[in-house]
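Predicted, not measured: the structure shown is a model, and the values here were computed from it. The figures here come from the full heavy-atom set of this structure, side chains too, leaving out hydrogens, waters and symmetry mates. Every chain is numbered from 1 and lettered A, B, ... according to where its sequence line falls, protein lines coming before strand lines.
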Protein chains: 2
Amino acid sequence: MSALDGLEVRRTTTAQQLADGLSERIMAGAFGPGDRLRESAIAAELGVARNTIREAVRILELTGLVRYEVNRGAVVIAPTPEKIEALYTARERLETAAVIRAPRPEQLEAITRAFDEIAEAAAEGDTGRIVDRDLAFHQAIVALLDSTRLDEFFTAMTKELRFYLTVLSKSETPEEVVAQHRVILDAIRLGDHDRAVAEIRAHIDVSVEQLKQLLRR
Amino acid sequence: MSALDGLEVRRTTTAQQLADGLSERIMAGAFGPGDRLRESAIAAELGVARNTIREAVRILELTGLVRYEVNRGAVVIAPTPEKIEALYTARERLETAAVIRAPRPEQLEAITRAFDEIAEAAAEGDTGRIVDRDLAFHQAIVALLDSTRLDEFFTAMTKELRFYLTVLSKSETPEEVVAQHRVILDAIRLGDHDRAVAEIRAHIDVSVEQLKQLLRR
DNA sequence: ATGAGGAAAACTGTAGTACAGTTCAACTGT
DNA sequence: ACAGTTGAACTGTACTACAGTTTTCCTCAT
């Protein structure tokens, strides 16, 4: 334990900090889907130069939360049925590929722990936290693939997912969420790959349908 | 066939064009792995402003060919054994997940065609083209997953892969490449999933080993 | 020669100004 | 109600400037 422990210099750029901050705001719903991020306004409000904002937004683009349109600048991604479908299809492929692998003990433990945290958040009824833990549970499943690249890819998708789930209000009861995840967990623990795959498919189908439903208004 | 077919206005920005151009140069080996992209030099040489280059490089970052380091700017990614391993592991997971699905006729045809093109390029002995078609073959396999998001993800990885394969010179004969892909194709056509998985694993193991070997110098 | 130290040069990160070309919204006359 | 016009608001890009970091290069003691 050094006397300098915890001391750390700024090791990050303004643009990076702005990107992080904006990312947070967007996910919190400060900008609605389809909204444009106006550079001068943001720059003026935060007291930074416009090119710095521009760079921050380019960094944001990495996470997939905004995309650039020529002469219109950065636009917050807007969910469409096709996009949601594409996102969930990718999830389905990854997660089903993951659960047919034999989990190592610590992986199994991580998934179990993730489930417990969902249950805990559900008991408290904190919807925001339920979403977070829900995503963490699925992240733990993808981790079964033992591929850092795929983990990263899933993390990126997670940002979009959380965004959708946050912007569109939720329509499931916490109990339903817990129940759905419990059957997945059970199947994994039992080593019943076929059932795990089936449960994941069912879970994802339900989610897609709910999201589409919410979107239709 | 409209009379206006093919007509298209510029619909792209300078930064985007620069990003494309730089990407090409990097993959062609104009910049070695680990090299820094010096903004002022590039800006001066191409007659554009430095902030435009900066933006172009941020776009480049999207494809994973460069990454930013604080106060050092953009650096061309350098292959390390760990990175190569991570890349190929992700490939392996995707491709094996793909071949256990039953291919639709047009997907099978696409893969077959991709193989034929490998054979064709091999006959000509054009190593650059062999690499391209090799990657296209694997892209066709990943397409079996029917997920545009995963296709895109694989495409991004492909850029890195091609880069490695281009920078590091090749050490396989064209015949070996063709033979390796033929067994994969055969297994897929026969619907023998287990063998297809095994062949893909073998193929990827060989590639990783060769790359690491080349890297050790 | 060689390695340590330190000064200078080269660059990045950021700010700020400017302006042409585009998009968008409000206004106008029909 | 509506097509057309106009002007304001913005984006894309260029240029200049400068503080803070790296990198390079030179010097000096060993």
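In terms of the side-chain contact (heavy atoms from CB on, under 4.5 Å) criterion, residue partners of A:E109 (sequence neighbours excluded) are, by chain and number, A:R113. For B:E69, the salt bridge (charged side-chain N to carboxylate O under 4.0 Å, His left out) criterion is met by B:R67, B:R72, not counting sequence neighbours. Applying the side-chain hydrogen bond (donor to acceptor under 3.5 Å, both in side chains) rule to B:T155 yields the partners B:Q139; only residues at least two apart in sequence or on another chain are considered. Listed by chain and residue number, nothing satisfies the salt bridge (charged side-chain N to carboxylate O under 4.0 Å, His left out) test with A:E176 (two or more places apart in sequence, or in another chain). Partners of B:F137 under the ring-ring contact (aromatic ring centres under 6.0 Å, His included) rule, at least two apart in sequence or in another chain, are B:H181.
As a whole-Å value, the separation of B:Y68 OH from D:dT21 P is 18 Å. Summarising the geometry, the separation between CG on A:N51 and C1' on D:dA17 is reported as 12 Å, rounded to the nearest angstrom. Atoms CD1 (B:I53) and P (C:dC11) sit 14 Å apart, rounded to a whole Å. When rounded to the nearest whole Å, the span between CG of A:D35 and P of C:dT23 equals 19 Å.
Residue contacts shown for A:Q16 are absent, as no nucleic acid heavy atom lies under 4.0 Å away.
For B:A15, counting side-chain heavy atoms from C-beta on, the closest listed nucleotide (D:dC15, C:dA15, D:dT13) is D:dT13.
Between the side chain of A:T158 and the backbone N or O of A:F154, at least one donor-acceptor pair lies under 3.5 Å.
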Restricting both atoms to N or O, compile the protein contacts to nucleotides 8-10 of chain D shorter than 3.5 Å, with distance only.
none

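Listed pair B:T52 / D:dA14 meets the phosphate criterion, a side-chain N or O lying under 4.0 Å from OP1 or OP2.
Looking at which nucleotide of DNA chain C each of A:G47 and A:V70 is closest to, the 5′-most match is held by A:G47.
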